[in-house]
Amino acid sequence: MEIYRQAIAEAVKQLIPVDEITLEVPPDPKLGDLALPCFPFAAILRKNPAAIAADLKDKIGGLDFVDRIDVVGAYLNFFLDRETVIRDTIEAIRSKGGAYGSSGRGRGKKALIEHTSINPNASPHVGRARNALIGDSIVRLMRFEGYDVCVHYFVNDIGKQIAMLVLGAEGRDDVTFGDLLDIYVDVNNRIKDDPRLEAEVFELLHRLERGDKDALERFRRVVDICIEGQTRIFSELGIYYDVFKHESDYVASGATDEILQRLEATGRLERDVEGRFVLNLDGYNLPSRAPYVVLTRADGTSLYPLRDIAYTIDKVKTESEVNIVVLGEDQKLYHQQVSAALDILGYKAPVSVHYSFVLLPDGKMSTRQGTVVLLEDFMREAVAKATEEMAKRHGEADPDTAKAVAYGAVKYAILKVANERNVTFDWSSALSFEGDTGPYLQYCHARINSIMRRAGGELPSSADFSRLTEDIEYELVKELAGFPTAVSKAVDEFSPHVVANSIYRVAKAFSTFYNQCPVLNAEDPEVRDARLLLSTAVKQVLANGMALLGIDPVESM
RNA sequence: GCGCCCGUAGCUCAGUGGAUUAGAGCAACGGACUUCUAAUCCGUAGGUCGCAGGUUCGAGUCCUGCCGGGCGCGCCA
């Protein structure tokens, strides 16, 4: 659809001296495929818009893909030649296959994306999972665009919380991932009325910071359990990481000390009344009460921002053309502070992608009130539901397909919402497999596959697309043609939900087509062949779009 | 108190650098399976786009104020 827009825009520019031309999609397909509002030209030509439109209609030329132009008020409505659009689109999908929709803008370029990076103290809840889901989809989008992507996970293996876990797990060599949250809660409670325990926590931290081998090992053991547990869950969802960087390494290697020295040299490093090292961010106009970020405790141990600055510098030094970090909305100010610190040291900070939290119908998730929804539980419930639904239909359920359907529902439920909006999680709609859901897309894909299977043998190598005369067939093709635009927008804005939206529209249009137009039993072989190729194209686009969301396109369900 | 984000149908959400008549899903009601998978489709009903101003020939979309929700504002990460 973009090529037609551009061609029309060029033709208009031949007649009217404007830089930018906006072509819209009319509210009703009956009005046309593309519309040119002539209001903006009124000021330039000093004529009334309707007259300009009428004039333009007669003068515009060289558009052989345009079938007809209507003037409606100040609008010039273009009706494209259906056969041309259908042929162009289906041919493009056929020739590009799995790459249809990619602009190829990332070819030969590197991208680095950090996402997830959860506190390794417990099983992730669906709020945390939103980070991984959005991050992973962005990874997929970037790879689709041709980028050589390296996925980072920054492991928080140091800090007070981890030290508490290490202490709580002491003397137990049977600690599992599932035990960690209880241990953490337990230590947290004990620490309240036992100051000595807290002192012990800091002593442990201190030893780690001094490079104590034994402490390091004990920390690593607990952290490894966490990472193993978390990545197991994420890998179940098809989410993988290329590089794990540990915070403690930046302390052990002396990188954090070096950062302090370099900041010292800028004159912005100060020591506050308590003896902590703080960085003066004056002049960066940050929305905080005081322009300071605290880098160390009074005892000299590092705080998270210092370690993160060291890590982030490490990341930007890889000289990736694109450097992205996915963070919750609670990290907005924090990221600005890190960016300022990097700026002070002469580096360009990564681009941040922020998302809002997942809420429950009656409020926020609360660990203390036990209202968190664990990702694992969500996944398990979804698999149970998928298995049940399949058994209902086929008597039995293929476990792999059940998982694919279940996880498709899980991912889609979260990814279809725009990043900056809060997701309201409620079990019934999150586990719904009807309507605007992941399984709906998969079902559509499976139905097309079923047609292909029944068609048997080879697909026709070509078809007479002039035989696709139903309105819905043309509407469907236009949705297919809109997919590349959606992908580009999703990449530009780091917004997977744009892709989700686009393929939902494709699936919706296909379902209408499916109910209205028989493919295998079409009125004659030529229509059949054309519909067969159209359906194949739909299958390809659905598969491409689902891949970008990390949803498996099942062959039958 | 200050800063950022969000507010669209009963509920959950779309709405493309302002523009022709605001769209889906769920829930409700009524239809469609001896016919390519009914996890589907078709129809009906449902909206002063939070409120009030402003800019514009034209505002769900831009600006200001207010209200409501989310997030943040030095020793958690």
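Lettering follows sequence order; numbering is per chain, from 1.
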At under 4.0 Å between heavy atoms, what does A/R393 touch on the DNA or RNA strands: base, sugar-phosphate, or nothing? base
How is A/V405 classified with respect to the nucleic acid when contacts are heavy atoms under 4.0 Å: base, sugar-phosphate, or nothing? base
Say we look at B/C66 and B/C57: how far apart would their C1' atoms be, to the nearest angstrom? 29 Å
Of the nucleotides B/G74, B/U40, B/U20, which has the atom closest to the A/Y292 side chain? B/G74
Would you classify B/G74 as syn or anti? Syn applies when the glycosidic angle is within 90° of 0. syn
Position toward the 5' end of RNA chain B (nearest nucleotide), A/L76 or A/E434: A/L76
Under 4.0 Å between any heavy atoms, over every strand shown, what does A/T296 touch: base, sugar-phosphate, or nothing? Just pick one. nothing
Would you measure the distance from the P atom in B/G18 across to the matching atom in B/C63 and give it in whole Å? 11 Å
Do A/S432 side-chain atoms and A/E434 backbone N/O form a donor-acceptor pair below 3.5 Å? yes
Out of B/G74, B/G15, B/C73, minimum distance to the side chain of A/H497 belongs to B/G15
Using atom C1' of each nucleotide, how far apart are B/G10 and B/G46 to the nearest Å? 9 Å
From the set B/U21, B/A14, B/C36, return the single nucleotide nearest to any side-chain atom of A/Y514. B/C36
At 4.0 Å (heavy atoms only), tell me whether A/E420 reaches a base, stays on the sugar-phosphate, or touches nothing. sugar-phosphate
Mapping A/V417 and A/M557 onto RNA chain B by nearest heavy atom, which one lands closer to the 5' end? A/V417
Provide the closest heavy-atom pair for A/P26 versus A/G32 in the form atom of the first, atom of the second, distance. CG-O, 3.5 Å
When all nucleic acid strands are considered with a 4.0 Å heavy-atom cut-off, which category describes A/S432: base, sugar-phosphate, or nothing? nothing
Assign A/F357 to base, sugar-phosphate, or nothing according to its heavy-atom contacts below 4.0 angstrom with the strands shown. sugar-phosphate
For A/C38, answer base if it contacts any base atom (sugar-phosphate contacts may also be present), sugar-phosphate if it contacts only those atoms, and nothing otherwise; contact means non-hydrogen atoms under 4.0 Å. nothing
A/N422 has its side chain closest, among B/G70, B/C76, B/A24, to B/G70
Within the 4.0 Å heavy-atom criterion, would you say A/R289 contacts the bases, only the backbone, or no part of the nucleic acid? base
Does A/R531 have a side-chain nitrogen or oxygen under 4.0 Å from the phosphate oxygens OP1 or OP2 of B/C36? no
Hey, does A/D308 reach any base, or is it just sugar-phosphate, or nothing, if we go heavy atoms under 4.0 Å? nothing
Distance below 4.0 Å between A/T512 side-chain N/O and B/C42 OP1 or OP2: yes
In whole angstrom, what separates A/E388's CD from B/A39's P? 14 Å
I'd like to know if A/R307 reaches the base of B/A77 with its side chain such that a donor and an acceptor end up less than 3.5 angstrom apart. no
Just call it for A/Y504: base, sugar-phosphate, or nothing, with non-hydrogen atoms closer than 4.0 Å on any strand. sugar-phosphate
Base paired to B/U35 (Watson-Crick or G-U; both N/O distances under 3.5 angstrom): none
Please pick, from B/A77, B/G72, B/C41, the nucleotide with the shortest atom-to-atom distance to any side-chain atom of A/Q331. B/A77
Nearest-angstrom distance, P atom, B/G72 to B/A39: 43 Å
Contact under 4.0 Å: A/R447 side-chain N or O vs B/A38 OP1/OP2: yes
Give a yes or no on whether the backbone of A/D436 and the side-chain of A/K416 come within a donor-acceptor separation of less than 3.5 Å. yes
Would you classify A/A74 as touching base, sugar-phosphate or nothing, given that sugar-phosphate means primed atoms plus P, OP1 and OP2, and contacts are heavy atoms under 4.0 Å? nothing
Heavy atoms only, 4.0 Å cut-off, all strands: where does A/E247 land among base, sugar-phosphate and nothing? sugar-phosphate
A/Y311 and A/Y250 aromatic ring geometry - parallel, tilted or perpendicular at 30°/60° bounds: perpendicular
OP1 or OP2 of B/C41 versus the side-chain N and O atoms of A/Y440: is any pair under 4.0 Å? yes
Taking only the C1' atom of each, what is the distance from B/A14 to B/G7 in whole angstrom? 15 Å
How many Å lie between CD on A/E523 and C1' on B/C36, as a whole number? 14 Å
Closest approach to the side chain of A/K364, judged atom by atom: which nucleotide of B/G25, B/C71, B/A39 is it? B/C71
Side chain of A/K508 - closest among B/C71, B/G1, B/A24: B/A24
Sugar-phosphate, base or nothing in reach of A/S429, heavy atoms under 4.0 Å: nothing
Checking A/H394 side chain against A/M557 main chain: does a donor-acceptor pair fall under 3.5 Å? yes
Which residue, A/R5, A/K478, A/R68, forms the salt bridge (charged side-chain N to carboxylate O under 4.0 Å, His left out) with A/D33? A/K478
Between B/C13 and B/U8, how far apart are the two P atoms, rounded to whole Å? 9 Å
Between B/G15 and B/G3, how far apart are the two C1' atoms, rounded to whole Å? 28 Å
In whole Å, what separates the P atom of B/U56 from that of B/C51? 23 Å
Report the nucleotide, chosen from B/U37, B/U20, B/A39, that has the shortest atom-to-atom distance to any side-chain atom of A/M390. B/A39
In the structure shown, which nucleotide is the Watson-Crick or G-U wobble counterpart of B/G10, with both distances under 3.5 Å? B/C26
Check: A/S450 side chain, A/A446 main-chain N or O, donor-acceptor pair, under 3.5 Å: no
With syn defined as a glycosidic angle within 90° of 0 and anti as the rest, where does B/C73 land? anti
Qualifying residue, where the test is side chain to side chain contact (heavy atoms under 4.5 Å, CB included) with A/Y334 and the options are A/S288, A/S339, A/P305: A/P305
For a quick check of understanding: with a heavy-atom distance under 4.0 Å over all strands, which category does A/Q336 fall into, base, sugar-phosphate or nothing? nothing
With A/V166 as reference, evaluate A/L204, A/V201, A/V187 under the side chain to side chain contact (heavy atoms under 4.5 Å, CB included) test and give the passing residue. A/L204
Measure the distance from CD1 on A/I309 to P on B/A77 and round it to the nearest whole Å. 14 Å
Closest approach to the side chain of A/R421, judged atom by atom: which nucleotide of B/U16, B/U8, B/C36 is it? B/U8
A/Y304 side-chain proximity, nearest of B/U20, B/U37, B/A77: B/A77
